[in-house]
Asker: 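Sending over a structure as structure tokens; questions will come in a sec.
Numbers restart at 1 for each chain; the letters A, B, ... are given by sequence-line order, proteins then strands.
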Number of protein chains: 2
Amino acid sequence: MRDTKSARTRRRVVDAAAHVLLRRGYAGTRLSDVAEVAQVQAPAIYYYFSSRDELIDEAVAVGLDRARSLVSEALAAAPPDLPAIDRLAIAVSAHLRTLLTHSDHAAAAIRTVPQLPEAMRERHRQAQRDYVGVWRELVAQVQDEGDLDAGLAAGTALMVVLGALNWTAEWWDPARGSLDAVIDAAQRLVRQGLAA
Amino acid sequence: MRDTKSARTRRRVVDAAAHVLLRRGYAGTRLSDVAEVAQVQAPAIYYYFSSRDELIDEAVAVGLDRARSLVSEALAAAPPDLPAIDRLAIAVSAHLRTLLTHSDHAAAAIRTVPQLPEAMRERHRQAQRDYVGVWRELVAQVQDEGDLDAGLAAGTALMVVLGALNWTAEWWDPARGSLDAVIDAAQRLVRQGLAA
DNA sequence: CACGTTTTTTACTCTGCATGAAATTCGAGC
DNA sequence: GCTCGAATTTCATGCAGAGTAAAAAACGTG
């Protein structure tokens with residue numbers, strides 16, 4: 001057994017928390033619901049976490065980290081001599097895949113952060129910056145290579161683009177359209193939209 | 001006095017509800033908080049609404065309606081012979097202005113709908129369709145006029161664009177950047193992004 | 001200014017949910 | 001198959017927050 005039963009239960013709880021968080025938001029996340037999804041009795045959660053907030057905190061942290069690392073990894077796997085604009089397209093694809101199918105973690109984290117109580121949000125501010133930072137760098141490279149529309153404020157444009165990606169979790173329904181179609185549309189829009 | 005004191009109090013309550021809703025989400029919206037923002041005692045709310053859900057319901061309805069009508073009006077005011085792509089830019093501007101400064105209603109409605117309990121969401125489905133419908137029509141016209149990238153699925157592209165606009169409420173901080181800068185970036189991205 | 005009506009307040013109740021504590025089951029080593 | 005610690009459950013507590021009732025205040029109109 002690669003990891004103990006306990007570790008697996010713990011992970012189930014965190015996964016369940018992300019699942020509920022994504023659908024119900026911060027305030028709407030009840031431990032009883034998390035427990036049900038995780039197939040555990042609610043008080044059992046306290047064996048692993050000392051409070052509801054601590055659990056949510058971890059779920060969000062895992063999600064933010066995953067969002068960042070999956071994009072980073074996808075970029076790392078790409079040929080480094082690829083034009084930045086193409087690498088940006090890869091990042092778009094990786095991000096959407098993570099957000100929409102890989103698990104509820106990333107989506108839950110990204111969509112929940114704004115609702116968190118100030119203290120908790122503060123705690124994740126750095127992780128959020130790191131997440132945006134990967135993109136920021138990418139856009140800077142696009143700019144360096146002269147592929148960015150000169151009239152466009154890089155920082156603002158990036159946030160607009162990230163918004164488009166993040167909001168997909170709100171409306172995309174796997175039953176009604178393929179993931180690839182969404183990725184394709186997003187990539188086209190970003191390419192054309194930023195192009196010089 | 002154009003409208004009675006009572007009507008104004010009622011409106012204050014709905015406004016306050018939108019305000020709280022926007023920041024705390026559906027489940028996190030406490031009547032005590034709404035009351036505080038509205039400068040009213042919590043039970044006074046029950047004079048106007050028979051339950052918390054009814055209040056939230058109305059706040060969302062007002063918001064969705066406002067989001068739709070402000071864009072419609074801006075379009076109606078534009079010269080009708082303007083190319084559709086330019087009218088789309090006008091819609092982008094009107095939408096962002098509404099969302100970011102006009103009041104909390106539109107933003108609250110748009111961002112909260114996905115969290116609502118199923119029954120309530122159902123009740124607003126039509127309003128949401130109407131809201132998207134205005135845009136859908138606009139994009140169709142752009143397509144008719146041959147200004148839409150042929151490789152782009154119109155419906156999907158529209159949702160991606162709307163996402164970009166809606167998400168601005170999440171990150172835009174009036175203290176750190178001008179509204180016009182955001183509008184400008186969004187318009188450029190949309191124009192370039194959709195262009196044939 | 002008196003009287004009915006509208007609006008607001010004060011003082012509750014009731015319920016759902018996070019959390020606590022003790023009791024119980026499980027599972028690895030002997 | 002017994003024992004001890006880890007994992008989990010069952011039962012109980014306390015509080016926050018929705019909702020109610022009835023009194024009080026404000027308002028408007030003769």
Side-chain angles (χ1 to χ4, degrees), chain A residues 1-60 108 112 115-121 123, chain B residues 1-60 108 112 115-121 123:
Chain A
M1 180 163 36
R2 9 185 0 97
D3 41 30
T4 82
K5 169 135 179 251
S6 148
R8 270 181 289 124
T9 305
R10 190 193 151 94
R11 183 168 20 233
R12 263 203 342 270
V13 171
V14 177
D15 289 353
H19 179 91
V20 177
L21 217 44
L22 176 60
R23 291 144 229 270
R24 295 280 150 75
Y26 169 73
T29 296
R30 284 173 283 173
L31 290 186
S32 54
D33 291 345
V34 173
E36 190 179 355
V37 173
Q39 304 261 47
V40 170
Q41 296 299 317
I45 295 175
Y46 285 86
Y47 180 73
Y48 299 101
F49 301 92
S50 66
S51 75
R52 171 180 178 274
D53 272 11
E54 196 184 288
L55 166 61
I56 292 180
D57 203 276
E58 171 153 342
V60 169
T112 307
Q115 291 173 33
L116 299 180
E118 179 53 35
M120 200 158 147
R121 198 161 3 122
R123 226 170 305 138
Chain B
M1 180 162 39
R2 9 187 356 97
D3 42 30
T4 83
K5 170 135 178 250
S6 150
R8 270 181 289 123
T9 305
R10 189 193 151 94
R11 184 169 16 233
R12 268 211 329 280
V13 171
V14 177
D15 289 353
H19 179 91
V20 178
L21 217 43
L22 176 60
R23 294 147 226 269
R24 295 278 148 74
Y26 169 74
T29 297
R30 284 173 276 168
L31 290 186
S32 54
D33 291 346
V34 173
E36 191 180 352
V37 173
Q39 304 261 47
V40 168
Q41 298 296 321
I45 295 174
Y46 286 89
Y47 179 74
Y48 298 100
F49 301 91
S50 66
S51 75
R52 170 181 180 274
D53 271 11
E54 197 184 287
L55 167 61
I56 292 180
D57 203 275
E58 171 153 341
V60 169
T112 307
Q115 291 173 33
L116 300 179
E118 177 55 24
M120 201 159 148
R121 194 157 9 117
R123 225 170 305 138

Asker: How long is the line joining CD of B:E54 and P of D:dG19, in whole Å?
Answerer: 10 Å
Asker: With a 4.0 Å cutoff (strictly under), does any side-chain N or O of B:T9 reach OP1 or OP2 of C:dT8?
Answerer: yes
Asker: Output the rounded distance in Å from CD (A:Q39) to P (D:dT9).
Answerer: 10 Å
Asker: Tell me: CD1 of A:I45 to P of C:dT19, nearest whole Å?
Answerer: 10 Å
Asker: Please say whether more than 12 non-hydrogen atoms of neighbouring residues, nucleotides or ligands are located less than 6.0 Å from CD in A:Q39.
Answerer: no
Asker: Does the side chain of B:Y46 get closer than 4.0 angstrom to OP1 or OP2 of D:dG19 through an N or O atom?
Answerer: yes
Asker: Here's a test for you: under side-chain contact (heavy atoms from CB on, under 4.5 Å), which of B:T29, B:V37, B:D33, B:V14 qualifies with B:H19?
Answerer: B:V37
Asker: Between B:E36 (CD) and C:dT8 (P), how many Å, whole number?
Answerer: 17 Å
Asker: Heavy atoms under 4.0 Å, any strand shown: does A:T29 hit a base, just sugar-phosphate, or nothing?
Answerer: sugar-phosphate
Asker: With side-chain contact (heavy atoms from CB on, under 4.5 Å) as the criterion, how do A:F49 and A:D57 come out once you've worked through the C-alpha distance, each side chain's angles and the decisive distance to 0.1 Å?
Answerer: CA-CA 10 Å; A:F49 301 92; A:D57 203 276; over 6 Å; no
Asker: What is the distance from CZ of A:R30 to P of D:dA16, rounded to the nearest Å?
Answerer: 19 Å
Asker: Quick check against the 3.5 Å criterion: does A:Q115 have a side-chain atom that pairs as donor or acceptor with the backbone of B:G25?
Answerer: no
Asker: By the 4.0 Å heavy-atom rule, please label A:F49 as base, sugar-phosphate, or nothing.
Answerer: nothing
Asker: Are A:R23 and B:Y26 in a cation-pi contact, defined as NZ or CZ under 6.0 Å from the six-membered ring centre and within 45° of the axis?
Answerer: no
Asker: May I have the distance from B:R8 (atom CZ) to C:dT6 (atom P), rounded to whole angstrom?
Answerer: 18 Å
Asker: Below the 4.0 Å mark, does D:dT8 have OP1 or OP2 next to a side-chain nitrogen or oxygen of A:Y47?
Answerer: no
Asker: Which nucleotide, C:dT19, D:dT9, D:dG17, lies nearest any side-chain atom of A:A44?
Answerer: D:dT9
Asker: In whole angstroms, how far is the P atom of C:dT7 from the CZ atom of B:R10?
Answerer: 11 Å
Asker: Under 4.0 Å from OP1 or OP2 of D:dT8: is there any side-chain N or O of A:Y48 that close?
Answerer: yes
Asker: Out of C:dT10, D:dA7, D:dT10, which has the shortest distance to the side chain of A:Q41?
Answerer: D:dT10
Asker: Are OP1 or OP2 of C:dT7 and a side-chain N or O of B:S6 less than 4.0 angstrom apart?
Answerer: yes
Asker: Can you tell me the distance, in whole Å, between the CD1 atom of A:I56 and the P atom of C:dC17?
Answerer: 14 Å
